[in-house]
Amino acid sequence: MKHIAIKFVKRSEVPPGAKILTSTWAMKQKANGKKRARLNGRGFEQIDGEHYDKDSIASPTVNVITVRVVFVMMLLMCGCGHLIDVNGAFLLGGFERDLVTNQKRRLFMEVPKGFKKFAPLGDYVVEMLRTVYGTKQAAKRYWLFMLGIFMRLKYQFNRVDPCLYFKWTTDGIVLWTSWIDDLLVIGRDENVTVTAKKGITNILSCDDTGEVKEYVGCKLEIDREKQWMKWTQPVLIQSFK
C-alpha cells in the first residue's frame with residue numbers, strides 16, 4: 001500500500017505564526033536481518049491547541065485481562081488465534097479538526113534529512129498529510145481508523161474495552177483485539193483463516209504472521225485438544241542471568 005504522507009509547500013505559504021516541526025530517523029535491524037528506517041516527527045515540539053488537543057494523546061491498547069479472557073474463550077471453543085501486523089499503521093490516520101475553527105489541523109515540518117533532493121528548487125517545507133510516527137495524536141487517530149474498518153465489517157466494539165471487537169456468525173463468535181499495529185483474531189478455524197482475516201487483508205496491507213505463538217514478549221504453548229495454554233517469558237529470564 002502506498003501512503004501519501006507528506007507534500008512539499010513553499011515556506012511563504014505556511015500560515016503566519018505556525019510553528020514548523022523537525023524530524024528524526026529511527027534505524028533498526030530486525031531479528032531476521034532486515035533493516036528498517038522510519039521517519040519520526042518530533043512530537044515533543046508540538047504545541048497544545050495548535051498541533052493537537054490534550055484529548056488526542058492516547059494509545060489505545062487491549063487490556064491484559066481482556067486478552068486472558070479471550071484466550072480462555074479460544075480454548076473453550078477449541079478454536080485458534082492468528083496474528084496480523086498492519087503495515088505503516090500510523091500513516092493510516094488523518095489529523096483531527098481544530099475544536100475552535102472546526103478546520104482540519106495543518107502540521108508543517110522542515111524537509112527531513114535525505115529528502116532535500118526530492119524537494120523543488122527554492123525554500124520549501126513539508127506539510128504532513130498523515131499522522132506520521134512520533135506525532136502526539138498518531139496512536140489514537142490510527143485506532144479511530146481501525147475502529148471504522150471494524151464497523152464497516154459489521155463488528156461491534158466492547159464498551160468496557162474498546163480494543164476488543166466481536167461479531168456473531170453462523171459458526172460462532174469471532175473476536176479481534178488490537179494493540180498499536182498488531183491484531184489478534186480468535187475463532188473457529190474456518191472463520192479465522194478464511195473469512196475474518198480476509199476481511200482485513202482485503203482492505204489493508206498486512207503481514208499475516210500465522211497462528212499465535214507469542215504475545216508481547218511472552219511465549220505461548222497451546223494444546224487445543226486438551227484445552228490448556230502456558231505462558232512463559234524465556235527472554236526475560238535470560239536477561240537476569
Side-chain angles (χ1 to χ4, degrees), residues 1-6 36 38-39 41 52-53 55-64 66-67 69-71 73-74 77 79-97 104-105 107 128-212 214-216:
M1 179 182 290
K2 186 177 181 180
H3 301 286
I4 309 300
I6 61 172
R36 183 189 71 190
R38 175 178 290 161
L39 179 67
Y52 69 96
D53 299 304
D55 291 338
S56 299
I57 305 176
S59 184
T61 302
V62 64
N63 189 284
V64 66
T66 301
V67 173
V69 171
V70 166
F71 276 130
M73 293 179 68
M74 180 188 76
M77 70 174 75
C80 64
H82 283 232
L83 286 173
I84 289 179
D85 181 28
V86 179
N87 295 327
F90 286 1
L91 300 181
L92 297 171
F95 288 104
E96 69 275 24
R97 292 184 177 275
K104 194 171 183 180
R105 291 195 184 280
L107 275 72
M128 289 182 271
L129 306 178
R130 295 289 178 177
T131 51
V132 301
Y133 288 82
T135 51
K136 289 183 178 293
Q137 59 268 69
K140 183 177 180 180
R141 299 304 297 180
Y142 162 68
W143 173 76
L144 288 170
F145 173 85
M146 286 304 305
L147 181 60
I149 295 293
F150 280 115
M151 294 181 71
R152 173 178 166 185
L153 295 172
K154 309 300 183 184
Y155 285 88
Q156 301 178 59
F157 72 94
N158 185 275
R159 298 294 174 176
V160 176
D161 190 336
C163 291
L164 170 64
Y165 323 88
F166 62 94
K167 179 169 68 174
W168 287 97
T169 72
T170 55
D171 296 309
I173 193 169
V174 179
L175 302 162
W176 287 87
T177 62
S178 65
W179 60 99
I180 314 301
D181 58 351
D182 292 308
L183 302 172
L184 169 67
V185 57
I186 282 176
R188 297 187 184 278
D189 289 355
E190 58 268 25
N191 276 335
V192 172
T193 58
V194 179
T195 308
K197 286 201 296 185
K198 282 189 176 180
I200 294 292
T201 57
N202 285 344
I203 299 173
L204 304 175
S205 174
C206 305
D207 291 330
D208 184 353
T209 56
E211 195 161 358
V212 58
E214 294 182 355
Y215 174 76
V216 192

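With Ile186 as the partner, the side-chain contact (heavy atoms from CB on, under 4.5 Å) test is satisfied by one option alone out of Ile173, Val70, Thr177: Val70. Applying the side-chain hydrogen bond (donor to acceptor under 3.5 Å, both in side chains) test between Ser56 and each of Gln137, Lys140, Glu96 identifies Glu96 as the sole match.
Put simply, the side chain of Asp85 reaches to within 4.5 Å of the side chain of Asp181, judged on heavy atoms. Residues Leu39 and Val132 fail the side-chain proximity criterion, which asks for heavy atoms closer than 4.5 Å. Between Met151 and Leu147 the shortest side-chain heavy-atom distance falls below 4.5 Å. Taking 4.5 Å as the limit, some side-chain heavy atom of Phe145 sits within range of a side-chain heavy atom of Leu204. For the pair Ile180 and Thr61, the minimum side-chain heavy-atom distance is below 4.5 Å. Side-chain contact between Trp179 and Val67 is absent, with no heavy-atom pair separated by less than 4.5 Å. Put simply, the side chain of Asp171 does not reach to within 4.5 Å of the side chain of Thr195, judged on heavy atoms. A 4.5 Å side-chain heavy-atom check between Phe150 and Trp176 finds at least one atom pair inside the cut-off.
When all heavy atoms are compared, the tightest approach of Ile4 to Arg130 is O-CG, 3.8 Å. Shortest non-hydrogen contact noted between Cys80 and Asp189 is SG-OD1, 3.1 Å.
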Enumerate, atom names and distances included, each donor-acceptor pair closer than 3.5 Å involving a side-chain atom of residues 158-167, sequence neighbours excluded.
residue	atom	partner	partner atom	Å
Asn158	OD1	Val160	N	2.8
Asn158	OD1	Asp161	N	2.8
Asp161	OD1	Cys163	N	3.0
Asp161	OD2	Asn63	N	3.0
Asp161	OD2	Thr66	OG1	2.6
Tyr165	OH	Trp143	NE1	3.2
Tyr165	OH	Ser178	OG	2.9
Lys167	NZ	Leu153	O	3.0

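Note that the CD1 atom of Ile149 and the CG atom of Leu144 stand 12.0 Å from one another [nearest 0.5 Å]. Distance check, rounded to the nearest 0.5 Å: OH of Tyr155 to CE of Met146 gives 10.5 Å. To the nearest 0.5 angstrom, Ser205 atom OG is 12.5 Å from Ile200 atom CD1. Taken to the nearest 0.5 Å, the OH atom of Tyr142 stands 11.0 Å off from the CG atom of Leu91. Separating the CG atom in Leu107 from the CG atom in Leu129 is a distance of 10.5 Å, to the nearest 0.5 Å. Taken to the nearest 0.5 Å, the CG atom of Leu92 stands 11.5 Å off from the CD1 atom of Ile203.
Under the ring-ring contact (aromatic ring centres under 6.0 Å, His included) criterion, Phe95 pairs with no residue at all, not counting sequence neighbours. Shown here are the salt bridge (charged side-chain N to carboxylate O under 4.0 Å, His left out) partners of Glu211, two or more places apart in sequence or in another chain: Arg224. Taking the side chain to side chain contact (heavy atoms under 4.5 Å, CB included) definition, one finds that Ala138 meets it with Phe90, Thr131, Thr135, sequence neighbours left out. For Asp182, the salt bridge (charged side-chain N to carboxylate O under 4.0 Å, His left out) test picks out no residue, with sequence neighbours left out.
Screening residues 191-202 for salt bridge (Lys or Arg N to Asp or Glu O under 4.0 Å) gives Lys197-Asp208 as the qualifying pairs, with residues at least two apart or on separate chains.
The local environment of CZ in Arg36 is crowded, with over 12 non-hydrogen atoms from other residues, nucleotides or ligands closer than 6.0 Å.
Side-chain atoms of Tyr52 never come within 3.5 Å of backbone atoms of Arg105 as a donor-acceptor pair (strictly under, hydrogens ignored).
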**Asked** Given Leu175 and Met73, is the side-chain contact (heavy atoms from CB on, under 4.5 Å) satisfied, shown in steps?
**Response** CA-CA 9 Å; Leu175 302 162; Met73 293 179 68; 3.9 Å; yes
